[in-house]
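Contents: one structure, followed by commentary.
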Amino acid sequence: MLLFLSSLQVAPSPEDMYGMYDKDGKYRKMTEQVERMRQRSEEAENDEHDRKMRILVVSLLIGLVPVVVVGRMVVSRQTWKENPKKTIQAMAITLAGGAALFAFNYGWFYLKYLHEEIFKLLFSLAVILLLIGIGIYVVRHKK
């Protein structure tokens, strides 16, 4: 019986287990480093998600500006009573313009704040092409 009782040992604590198997502390350092990397990765993902949401909201607000302005004019002047067909056409064009404005701003902000290197390249290329286009236009229409 005494032999049986002596063979029973209390389960070692995690600290004791680290001491038994990780004498120089490399395993503990590695697990702590992995945990720090995981936390940084989660923080970066959360930060990127927050940026995307801010970009989406700002672009949506900018895209709604023409719709609100034209909608307010339609309501205040009551143009649908006089010419409903033209009013519907004007609202459709306004919605299309607002959607295009939203898409442009979303793309612009997305590239500028999330992919800065690509934005610099594309923006530089666009400016160069614009300057070339203006130069060609001026040369052709010079009197």
Side-chain angles (χ1 to χ4, degrees), residues 4-143:
F4 176 71
L5 289 176
S6 67
S7 67
L8 290 178
Q9 292 181 350
V10 178
S13 70
E15 299 296 324
D16 294 335
M17 289 178 68
Y18 279 128
M20 290 179 351
Y21 296 110
D22 189 27
K23 297 202 186 295
D24 57 356
K26 288 182 182 178
Y27 179 75
R28 174 173 284 215
K29 289 177 186 176
M30 184 176 63
T31 56
E32 289 173 354
Q33 185 179 10
V34 167
E35 183 63 27
R36 284 192 304 268
M37 288 172 55
R38 188 187 62 77
Q39 287 176 346
R40 278 187 255 151
S41 174
E42 286 178 5
E43 289 172 2
E45 287 177 12
N46 290 339
D47 185 44
E48 185 173 344
H49 181 265
D50 291 344
R51 282 182 171 180
K52 283 181 182 177
M53 288 306 295
R54 278 184 262 149
I55 289 170
L56 181 69
V57 168
V58 169
S59 299
L60 187 61
L61 290 175
I62 291 171
L64 285 175
V65 168
V67 176
V68 170
V69 170
V70 172
R72 189 180 324 158
M73 288 174 54
V74 166
V75 170
S76 67
R77 296 180 185 168
Q78 297 181 352
T79 58
W80 70 85
K81 291 180 181 178
E82 299 168 7
N83 198 348
K85 186 176 179 181
K86 294 288 183 181
T87 302
I88 291 171
Q89 287 176 346
M91 288 306 294
I93 291 170
T94 302
L95 285 172
L101 190 59
F102 165 78
F104 176 77
N105 282 311
Y106 186 78
W108 180 272
F109 291 143
Y110 186 82
L111 285 175
K112 180 155 177 53
Y113 293 110
L114 295 178
H115 301 287
E116 190 172 341
E117 293 302 317
I118 296 172
F119 175 77
K120 287 178 183 178
L121 175 71
L122 291 177
F123 186 70
S124 299
L125 185 62
V127 168
I128 289 169
L129 290 175
L130 180 67
L131 290 174
I132 290 171
I134 290 172
I136 291 171
Y137 178 79
V138 167
V139 168
R140 283 190 163 187
H141 290 84
K142 191 175 182 181
K143 292 183 180 181

How far does [atom1] of [X] sit from [atom2] of [Y], to the nearest 0.5 angstrom?
X: Arg54; Y: Asp50; atom1: CZ; atom2: CG; result: 6.0 Å
X: Glu45; Y: Glu48; atom1: CD; atom2: CD; result: 8.0 Å
X: Arg40; Y: Asp47; atom1: CZ; atom2: CG; result: 14.5 Å

For residues 63-82, tabulate all N or O donor-acceptor pairs below 3.5 Å that involve a side-chain atom, not counting sequence neighbours.
{"residue": "Ser76", "atom": "OG", "partner": "Arg72", "partner atom": "O", "Å": "3.1"}
{"residue": "Ser76", "atom": "OG", "partner": "Met73", "partner atom": "O", "Å": "3.2"}
{"residue": "Gln78", "atom": "OE1", "partner": "Lys81", "partner atom": "NZ", "Å": "2.9"}
{"residue": "Thr79", "atom": "OG1", "partner": "Thr87", "partner atom": "OG1", "Å": "3.1"}

Tell me which donor-acceptor pairs under 3.5 Å the side chains of residues 111-131 have, and how far apart each pair is, sequence neighbours excluded?
{"residue": "His115", "atom": "NE2", "partner": "Tyr110", "partner atom": "OH", "Å": "3.4"}
{"residue": "Ser124", "atom": "OG", "partner": "Lys120", "partner atom": "O", "Å": "2.8"}

*Determine, stepwise, if the pair Lys52 / Leu56 fulfils side-chain contact (heavy atoms from CB on, under 4.5 Å).*
CA-CA 6 Å; Lys52 283 181 182 177; Leu56 181 69; over 6 Å; no
*Can you check salt bridge (charged side-chain N to carboxylate O under 4.0 Å, His left out) on Lys29 and Glu32, steps first, answer last?*
CA-CA 5 Å; Lys29 289 177 186 176; Glu32 289 173 354; over 6 Å; no
Without placing hydrogens or testing angles, list every side-chain donor-acceptor pair under 3.5 Å for residues 99-108, not counting sequence neighbours.
{"residue": "Asn105", "atom": "ND2", "partner": "Leu101", "partner atom": "O", "Å": "3.0"}

